[in-house]
Amino acid sequence: PAYTLTSSLSLTAWVNPTGAPVGGNGETALLGADTGYALSYYTNGNAYFYIGGGSFNISTGLTQNAWTFLVGTWDGTDMVLYKDGIQVATMARATTLGVPGESLKSGVTLGSFTAGFDGQLNEARLYNGALTSAEVLAAYNAGPIPVPEPGAVSLLVVAGALMFRGRGARSLRSVSL
């Protein structure tokens, strides 16, 4: 069965970009679905969180060759972006998502399945609900699990959250939450 998130969600990832996105439109999904929601990285060095299409986005700058913890939450009314446990941007966004069955992507160019992320991505998670600021800060303070060896990939569902750990381009076509 396909995943369906329509009223609230959170996306989290530890990210360490070492270069600009490669190929495509200059955007790489850190975690997300093409037209519904995503944490993404652009050639301008910013990470973006969007809900319901790219025109509804909030962003923050990333430093290359440095680990950053990104979290985007949406409670059905408001989008919030956190960087290293601190809220950095908000936007009102009252909508309902309707993207069941769309591919969940990580490390690839949105709109395609071509590799695009130059760097390391660890603990990319999709939650069926909006994390609180206290939960975001606790996750940041807990720190990342060490990055696996190159080529090692795992997909876990822990406490209702989908978690991807690994390096390289991956796409998940069917996920149940």
Side-chain angles (χ1 to χ4, degrees), residues 1-15 27-42 46-62 67-111 117 121-145 154-166 170-177:
Y3 60 98
T4 303
L5 301 170
T6 58
S7 61
S8 64
L9 62 86
S10 296
L11 300 169
T12 72
W14 284 92
V15 59
E27 176 188 24
T28 297
L30 300 173
L31 184 64
D34 285 325
T35 59
Y37 48 86
L39 276 175
S40 63
Y41 180 57
Y42 273 81
N46 286 340
Y48 289 81
F49 174 54
Y50 63 82
I51 294 291
S55 61
F56 299 97
N57 68 74
I58 48 181
S59 66
T60 188
L62 291 182
W67 283 101
T68 302
F69 184 57
L70 294 173
V71 178
T73 67
W74 173 65
D75 63 6
T77 304
D78 295 302
M79 299 166 50
V80 182
L81 181 63
Y82 298 85
K83 179 179 175 181
D84 292 335
I86 299 169
Q87 181 179 316
V88 294
T90 61
M91 176 186 223
R93 180 69 172 128
T95 190
T96 301
L97 296 180
V99 291
E102 189 171 286
S103 295
L104 183 63
K105 297 178 179 181
S106 182
V108 296
T109 301
L110 286 170
F117 184 67
L121 181 64
N122 196 15
E123 294 185 50
R125 298 180 186 204
L126 168 63
Y127 292 87
N128 187 13
L131 297 176
T132 66
S133 58
E135 290 170 323
V136 170
L137 186 58
Y140 170 71
N141 287 332
I145 298 169
S154 63
L155 177 64
L156 309 169
V157 178
V158 180
L162 174 70
M163 182 172 101
F164 165 80
R165 295 185 61 226
R170 302 288 179 249
S171 177
L172 309 172
R173 292 199 179 274
S174 182
V175 179
S176 296
L177 292 178

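For this chain, numbers begin at 1 and follow the sequence in order.
- Minimum interatomic distance between Phe69 and Ala139 (heavy atoms only, all atoms of both residues): CZ-CB, 3.8 Å.
- Taking the six-membered ring where tryptophan is involved, the planes of Trp14 and Tyr140 are essentially parallel, since the angle between them stays under 30° and well short of 60°.
- Checking each of Leu9, Thr12, Val71, Leu11 against Tyr127 for a side-chain contact (heavy atoms from CB on, under 4.5 Å) leaves exactly one that passes, namely Thr12.
- Panel note: side chain Lys83, backbone Leu62; no donor-acceptor pair is recorded below 3.5 Å.
- Taking the side chain as every heavy atom from C-beta outward, Leu31 and Leu121 never approach each other to under 4.5 Å.
- Remark: the backbone N or O of Phe49 is not paired with any side-chain donor or acceptor of Asn57 at under 3.5 angstrom.
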Phe56/Ile51 under side chain to side chain contact (heavy atoms under 4.5 Å, CB included): CA gap, chis, key distance, verdict: CA-CA 6 Å; Phe56 299 97; Ile51 294 291; 5.6 Å; no
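- Under a 3.5 Å cut-off, the side chain of Ser10 and the backbone N or O of Gly129 do form a donor-acceptor pair.
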Derivation and outcome, side chain to side chain contact (heavy atoms under 4.5 Å, CB included), residues Asp75 and Val80: CA-CA 9 Å; Asp75 63 6; Val80 182; over 6 Å; no
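- The main-chain N or O of Tyr37 is never found under 3.5 Å from a side-chain atom of Trp74 such that the two would form a donor-acceptor pair.
- The heavy-atom pair separating Ser59 from Ala89 by the smallest distance is O-CB, 4.2 Å.
- Taking all atoms of both residues into account, the shortest heavy-atom contact from Leu70 to Ala47 is CD1-CB, 3.5 Å.
- Under the 4.5 Å side-chain criterion, counting only non-hydrogen atoms from C-beta, Tyr82 is in contact with Thr73.
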